[in-house]
There are 2 protein chains.
Amino acid sequence: MERIHYNIPIEATLEVIGGKWKALILCHLKSGKMRFSELQKSIPQITKKMLTQQLRELESDGIINRYVYHQIPPKVEYSLSDTGESLREILDKMCAWGENRINNQT
Amino acid sequence: MERIHYNIPIEATLEVIGGKWKALILCHLKSGKMRFSELQKSIPQITKKMLTQQLRELESDGIINRYVYHQIPPKVEYSLSDTGESLREILDKMCAWGENRINNQT
DNA sequence: CAGGATCCTTTCTGATACTG
DNA sequence: CAGTATCAGAAAGGATCCTG
């Protein structure tokens with residue numbers, strides 16, 4: 001296994017939650033498990049393809065869990081893993097900061 | 001002035017510090033003002049062009065200040081603005097999380 | 001419902017050369 | 001030193017169609 005070198009630790013964080021969608025997805029999952037279609041509704045700008053892709057990456061980075069109910073029609077639920085939970089504080093603060101910025105806009 | 005609508009406040013945050021470079025740049029500026037060339041040295045993967053572009057955007061979003069010393073050769077210093085300072089907690093936590101992740105890697 | 005596959009467009013990034 | 005300008009390639013994103 002190759003050990004990646006980072007000049008500064010935030011790079012390791014950005015590798016996991018960086019990009020256009022990941023923090024947003026995680027922010028929605030903060031409130032509990034969600035189905036694929038619920039995520040889609042909550043983030044109308046994202047396409048299925050992108051959502052699938054981002055969820056796969058988050059899963060393989062160990063940030064979220066994926067539960068598949070083997071039924072027809074299929075049902076898949078996503079939720080924060082323990083590692084994902086450890087991001088909660090950051091996500092909360094990012095949300096709070098954004099809220100503040102929106103309200104203080106002139 | 002158009003008021004942008006966000007489905008969830010973190011979008012406003014991501015608009016400002018999202019992307020590949022911005023959080024990283026801000027993380028470096030946490031420790032104090034830096035010159036353009038110092039930033040370049042600290043973030044060797046970024047090109048001049050990208051650095052310039054990202055700094056311009058951060059400036060126009062009111063996150064950083066840009067001081068130009070009118071001398072030859074030129075000298076330009078960047079630092080967190082007050083608004084930028086309000087991101088410090090988030091940046092610190094992102095760094096801490098990354099550090100943790102690096103150390104807990106098997 | 002939750003996707004996978006394909007094709008296509010757009011945006012982002014980087015390399016290089018040049019400038020006040 | 002701190003940029004700009006130009007060009008080309010890579011990556012991201014979207015539309016559409018298909019499937020268990």
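Chain letters run A, B, ... following the sequence lines, proteins first and then strands; every chain starts at 1.
Expressed to the nearest 0.5 Å, how far CZ of Arg66(A) lies from OG of Ser81(A) amounts to 15.0 Å. Taken to the nearest 0.5 Å, the CG atom of Leu87(A) stands 8.0 Å off from the CG atom of Leu80(A). A distance of 10.0 Å separates CG in Leu91(A) from CD1 in Ile90(B), rounded to the nearest 0.5 Å. With rounding to the nearest 0.5 angstrom, the CD1 atom of Ile17(A) is 8.5 Å from the CG atom of Leu14(B).
Here the side chains of Lys75(A) and Val68(A) are not in contact, with every heavy-atom distance at 4.5 Å or above.
Side-chain heavy atoms closer than 4.5 Å link hydrophobic residues (I, L, V, M, F, W, Y) into clusters, and following such links, even through other members, never connects Ile102(A) to Ile8(B).
Applying the side chain to side chain donor-acceptor pair (under 3.5 Å) test to every pair with at least one member in residues 86-102 of chain A, sequence neighbours left out, gives these pairs: Lys30(A)-Asp92(A), Glu85(A)-Arg88(A), Ser86(A)-Trp97(B), Glu89(A)-Lys93(B), Lys93(A)-Glu89(B), Trp97(A)-Ser86(B), Asn100(A)-Asn104(A).
Taken residue by residue, residues 68-75 of chain B places heavy atoms nearer than 4.0 Å to DNA chain D at Pro73(B), Pro74(B), Lys75(B). DNA chain D is contacted by no residue of residues 38-47 of chain B, taking any non-hydrogen atom closer than 4.0 Å.
Taking the side-chain hydrogen bond (donor to acceptor under 3.5 Å, both in side chains) definition, one finds that Asn7(A) meets it with nothing, sequence neighbours left out. With sequence neighbours excluded, the residues forming a side-chain hydrogen bond (donor to acceptor under 3.5 Å, both in side chains) with Tyr69(A) are Glu77(A), listed by chain and number. Listed by chain and number, the residues in a side-chain hydrogen bond (donor to acceptor under 3.5 Å, both in side chains) with Gln40(B) amount to none (sequence neighbours excluded). In terms of the side chain to side chain contact (heavy atoms under 4.5 Å, CB included) criterion, residue partners of Ser79(B) (sequence neighbours excluded) are, by chain and number, Lys33(B), Asn65(B), Tyr67(B).
In the 5' to 3' direction, nucleotides of DNA chain C lying under 4.0 Å from heavy atoms of chain A begin and end at dC1(C) to dC7(C).
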I'd like a list of close polar pairs between nucleotides 3-6 of chain D and the protein, N/O only, cut-off under 3.5 Å.
unit_1	atom_1	unit_2	atom_2	d
dG3(D)	OP1	Arg56(B)	NH2	2.9
dG3(D)	OP1	Arg66(B)	NH2	2.5
dG3(D)	OP2	Tyr78(B)	OH	2.5
dG3(D)	N7	Lys48(B)	NZ	2.9
dG3(D)	O6	Lys48(B)	NZ	3.0
dT4(D)	OP1	Arg56(B)	NH2	3.3

**Item:** Leu29(B) and Leu39(B): CA distance, side-chain angles, deciding distance, side chain to side chain contact (heavy atoms under 4.5 Å, CB included) verdict
**Value:** CA-CA 8 Å; Leu29(B) 289 175; Leu39(B) 280 168; 4.2 Å; yes
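Contact detail for Cys27(B) and Cys95(B): the closest heavy-atom pair is SG-SG, 2.9 Å.
One interatomic measurement links the two molecules: CD of Gln53(A) to C1' of dA12(D), which rounds to 8 Å at whole-angstrom precision.
Donor-acceptor pairing under 3.5 Å is recorded for the side chains of Tyr6(B) and Glu15(B).
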Name the atoms and distances for all side-chain donor-acceptor pairs under 3.5 Å in residues 42-58 of chain B, with sequence neighbours left out.
unit_1	atom_1	unit_2	atom_2	d
Ser42(B)	OG	Glu38(B)	O	2.8
Thr47(B)	OG1	Met50(B)	N	3.3
Thr52(B)	OG1	Lys48(B)	O	2.7
Glu57(B)	OE1	Lys22(B)	NZ	2.6

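Note that the two end axes of the helix from dC1(C)-dG20(D) to dG20(C)-dC1(D) enclose an angle of 60°, each drawn from 5 base pairs, rounded to 10 degrees.
Along DNA chain C, the nucleotide nearest Lys20(B) and the nucleotide nearest Arg35(A) are compared for position; the residue whose nucleotide lies closer to the 5' end is Arg35(A).
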